[in-house]
Amino acid sequence: MNRLLKNMMVLLSWAVLASMSANANAWELADEDVIAMTQQLEQRPLAPEADSLRQQLYEWTTESDAVMITVCDVLGPIPSDEALPYAKELLVQSFFGNAAYQLQYPGSKDDQLKLQLAGITSMLKAYRNIVKQQPDARIATYDTWLKALDSDKLAQRLLPTIAQKCLSDDPRQNQFALLR
């Protein structure tokens, strides 16, 4: 029993050190790192290192002055139905896609239509790769959006919703929140 306790303490110590290291690294991310990590999560959202990457990117997006992410209620069933498979991973992927787009196109920071669409597109890329590994994780709305993305009609389909939810002056319709 003593040996088990000792092993658990060693593992806990490693977890704390890894967490501290991840926090330190989050502050030191270069623009290229944020973009590359976002793309890596799009391609391999269920990889063993994915949770660590998400944690670093989330900390970076909430603390960095390089980006400003406006969170609007445009993701359909997420976040309203947190019971959906991989809801949290998909939600934050939309933040990362938005941030990566801002870094790639600095002049876009005031264009909520482009930024929200970039976030949704990044989320859909991750979703596509999740369902390749986990077919039971399908979300009907996102399957429809993937078809629109593949036929270059995603913007046409979602721009009215983005405009209503992100740009409305009516506080009951504008589901704004700043990620900071």
Side-chain angles (χ1 to χ4, degrees), residues 22 26 29 31-62 64 67-105 108-109 111-167 175-180:
L29 294 177
D31 292 359
E32 302 80 35
D33 296 330
V34 172
I35 294 165
M37 291 165 72
T38 298
Q39 292 170 342
Q40 183 176 349
L41 287 170
E42 290 171 357
Q43 295 301 311
R44 301 185 62 222
L46 302 179
E49 69 277 5
D51 286 340
S52 174
L53 293 175
R54 272 190 278 279
Q55 182 65 36
Q56 289 181 61
L57 283 173
Y58 185 78
E59 290 173 12
W60 184 88
T61 56
T62 58
S64 175
V67 298
M68 175 76 74
I69 300 172
T70 301
V71 181
C72 304
D73 186 18
V74 295
L75 299 180
I78 292 176
S80 59
D81 187 351
E82 290 185 15
L84 289 170
Y86 304 101
K88 292 176 184 169
E89 292 84 352
L90 293 169
L91 176 63
V92 295
Q93 187 66 41
S94 70
F95 302 165
F96 307 151
N98 183 317
Y101 189 86
Q102 289 182 53
L103 295 174
Q104 290 173 300
Y105 304 98
S108 69
K109 290 184 181 191
D111 190 337
Q112 282 304 313
L113 298 175
K114 286 182 182 178
L115 296 177
Q116 295 299 318
L117 197 57
I120 293 168
T121 299
S122 181
M123 179 194 70
L124 289 174
K125 289 177 180 179
Y127 169 75
R128 180 189 317 262
N129 287 308
I130 287 172
V131 296
K132 283 180 183 176
Q133 290 183 268
Q134 301 288 328
D136 292 342
R138 290 204 168 276
I139 300 169
T141 301
Y142 294 168
D143 290 337
T144 302
W145 290 2
L146 275 176
K147 289 178 186 173
L149 178 65
D150 292 342
S151 63
D152 290 327
K153 294 183 180 175
L154 185 65
Q156 177 184 350
R157 180 177 186 93
L158 294 180
L159 287 182
T161 301
I162 294 169
Q164 176 192 22
K165 301 283 185 166
C166 299
L167 305 176
Q175 306 276 328
F176 259 95
L178 290 179
L179 183 62
R180 279 240 185 194

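Keep in mind that this is a model prediction, so the values were computed, not measured. Hydrogens, waters and symmetry mates are skipped; everything else that's a heavy atom, side chains included, is used.
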task: Go through the steps for E59 and Q55 under the test side chain to side chain donor-acceptor pair (under 3.5 Å), then give the verdict.
output: CA-CA 6 Å; E59 290 173 12; Q55 182 65 36; 2.5 Å; yes
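Distance alone, capped at 3.5 Å, places no donor-acceptor pair between the S64 side chain and the T61 backbone. Checking side-chain atoms of T38 against main-chain N and O of V34 turns up a donor-acceptor pair under 3.5 Å. A donor-acceptor pair under 3.5 Å is absent between the side-chain atoms of Y101 and the main chain of Q116, judged by distance alone. Judged purely by atom type and a 3.5 angstrom limit, Y127 uses its side chain to pair as donor or acceptor with the backbone of I139. Of the possible polar contacts, one joining the N129 side chain to the E42 backbone as a donor-acceptor pair under 3.5 Å is found.
Q102 and N98 form a side-chain donor-acceptor contact under 3.5 Å, judged by distance and modelled atom types alone. Side chains of Q43 and Q39: no donor on one and acceptor on the other come within 3.5 Å.
Contact between P45 and A126 at its shortest, heavy atoms only, is CG-O, 3.4 Å. Closest approach of F96 and R54 over heavy atoms only: CZ-O, 3.5 Å. The minimum heavy-atom distance between A87 and D81, with the atom names listed, is CB-O, 4.2 Å. Nearest heavy-atom pair across S122 and Q93 is OG-NE2, 2.8 Å.
Rounding to the nearest 0.5 Å places CG of L90 at 4.5 Å from CD1 of I78. With values rounded to the nearest 0.5 angstrom, L117 atom CG is found 11.5 Å from S108 atom OG. Residue L113 holds its CG atom at 11.0 Å from CG of L158, rounded to the nearest 0.5 Å. In this structure, CZ in R128 is found 10.0 Å from CG in D143, a value given to the nearest 0.5 Å. Atom CD1 of I162 sits about 12.0 Å away from atom NZ of K165, to the nearest 0.5 Å.
Put simply, the side chain of Y105 does not reach to within 4.5 Å of the side chain of K114, judged on heavy atoms.
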